[in-house]
Protein chains: 2
Amino acid sequence: MVGRAGGVGGPRRPLNQRVAEPRVIRAARTRRTDQGGGRQRSRVVRGMRLFLNSHRAKLDKKGRVSFPAEFRAALDGIDSRTFYLRPHHMYGCVEGLSQPKLDALSDRLNQLDDYSEEAENLRLTLFGDTAQITYDAEGRFSMPQNLIDFAGLGESLVFTGMGDVFQIWEEQALERRKAEARQKARDNRLTVPGTARPPA
Amino acid sequence: MVGRAGGVGGPRRPLNQRVAEPRVIRAARTRRTDQGGGRQRSRVVRGMRLFLNSHRAKLDKKGRVSFPAEFRAALDGIDSRTFYLRPHHMYGCVEGLSQPKLDALSDRLNQLDDYSEEAENLRLTLFGDTAQITYDAEGRFSMPQNLIDFAGLGESLVFTGMGDVFQIWEEQALERRKAEARQKARDNRLTVPGTARPPA
DNA sequence: CGTAATTTCCCATGATATCCCAACTTATCC
DNA sequence: GGATAAGTTGGGATATCATGGGAAATTACG
């Protein structure tokens, strides 16, 4: 995997980019949350495309970073330039969420009893360090300093699509995390739960 | 309720003055999260944005503090400069509520039996020390002395967004609280309950 | 009712964030 | 291979935010 070492050379295409494919990803659009019974973990909002692939980017002197064009296109599907960034609670990276994703989380948290300890802990963890971000006409946004510090972001960082969310990593930390994920996926033979589940 | 330390006199409004009666807000628990069209949030009034992130602020010599611009923007969605502050009954911080949130609480408390012990305890806890606050044209408000004392607020304090409410903490106390919440979230793998639930 | 204290309103300034413009690089199309 | 479009990068101007101080208005007290 080569890239912009020292600011010179290297293709600008996303990391591990494959040959050109149609940009519309139909699976996401046709998935319906009303299929099947049982628990529904998340909603897919019509028009929103998935965040896919990994994209290298740079922080400049003013703390600005270019939001990857494909991620902008994903948000374009819901006519939005706004997303949310928060320190990940499990990994040393920044988690990115779209407005619909945040709204879905917010809706579910609102089902909890006010002033329960569970609600207080979840709200603080999910909202207490979550920054609302809007990218500008050039496709850039200012990365909050506390997130730079938390994830150890340097000049080079990587946006990693995770479907309906994305993550932002320091490059080396991402490599370690990916290796761990691959190993665990192999160990567990990587089963993906279906959507229809019998009641508990 | 005593007034400003070092000063004289109590609250400006008579003790038993009633606040405006709460407006009717649909009970949150009976509304189903909308899975189809636009974003609708239970218990959240349309136009009101979430309180997010953490914002450091300072108390000045006159007891004024700048209400964070993003929180002003959140209230702007409902065309309001008014919010409510109360000592949190679970943590050593100040809780902030919007008018709609206070109204929603009031509405739910109105479902309780009048003069029941539960209602008396909840009403006193939630309303007995709640101050109505309006920020001025510069975005500042005067922090009530009893809240400064209760939360141990010094010159530096932090506004923390919790979704539909916010909290105001002394900086070190917030860090401890956040660490606790993150640990609890990790212990529970930050599972946020889904929306389709079997009856209890 | 007069005076003192407190609160609210108004104005100015410095710092920071956002917006705007231009240039460069890379990818795509013909 | 050249032209064009798209994406990225750099810098400066402008707008917004936070802060400090004082004047005016309001409230409390004797």
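The analysis underlying the following values was restricted to heavy atoms, covering all of them including side chains, and did not include hydrogens, waters or symmetry mates. Numbered from 1 within each chain, the chains take letters A, B, ... in sequence-line order.
Between the side chain of A:K62 and the base of D:dG12 there is at least one donor-acceptor pair of N/O atoms closer than 3.5 Å. Side chain A:E138 to base C:dC21: a donor-acceptor pair is found below 3.5 Å. Judged by distance alone with a 3.5 Å cut-off, no donor-acceptor contact links the side chain of A:R140 to the base of D:dG7. With hydrogens and angles ignored, no donor-acceptor pair closer than 3.5 Å exists between the side chain of A:R72 and the base of D:dG7.
Taking the nucleotide of DNA chain C with the nearest heavy atom to each of B:D136 and A:Y135, the more 5' of the two is matched to B:D136. Annotation: of the two residues near DNA chain C, B:A137 and A:R64, the 5′-most nearest-nucleotide partner is B:A137. Heavy-atom distances to DNA chain D give each of A:K61 and A:F67 a nearest nucleotide, and the one nearer the 5′ end belongs to A:F67.
Residues A:D107 and A:Q111 bring no donor and acceptor atom of their side chains to less than 3.5 Å of each other.
Regarding A:F71, its CZ atom lies at a distance of 14 Å from the P atom of D:dG7, rounded to whole Å. Counting to the nearest Å, the P atom of D:dT16 and the NE2 atom of B:H55 are 19 Å from each other. One interatomic measurement links the two molecules: CG of B:D60 to C1' of C:dT7, which rounds to 13 Å at whole-angstrom precision. Atom CZ in B:F141 sits roughly 17 Å away from atom C1' in C:dC9 (whole-Å rounding). Atom-to-atom, CD of B:Q145 to P of C:dT7 comes out at 10 Å; the value is rounded to the nearest Å. Distance CZ (B:R56) to P (C:dT16): 13 Å, rounded to an integer number of Å. A straight line from CE of B:M143 to P of C:dT7 spans 14 Å, rounded to a whole angstrom. Atoms CD (B:E70) and P (C:dA17) sit 11 Å apart, rounded to a whole Å.
Ring pair A:H88/A:F150: centre-to-centre distance not below 6.0 Å. Between B:F83 and B:F141, the distance from one ring center to the other falls under 6.0 angstrom. Here B:F166 and B:F67 bring their ring centres to under 6.0 angstrom of each other.
The side chain of A:A69 lies closest to D:dG7, out of D:dG7, C:dT18, D:dG21.
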If you apply the rule side-chain contact (heavy atoms from CB on, under 4.5 Å), what do you find for A:R72 with A:S80, and how did you get there? CA-CA 9 Å; A:R72 299 205 295 270; A:S80 173; over 6 Å; no
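Checking the phosphate oxygens (OP1, OP2) of C:dT18, no side-chain nitrogen or oxygen of A:R81 falls inside 4.0 Å.
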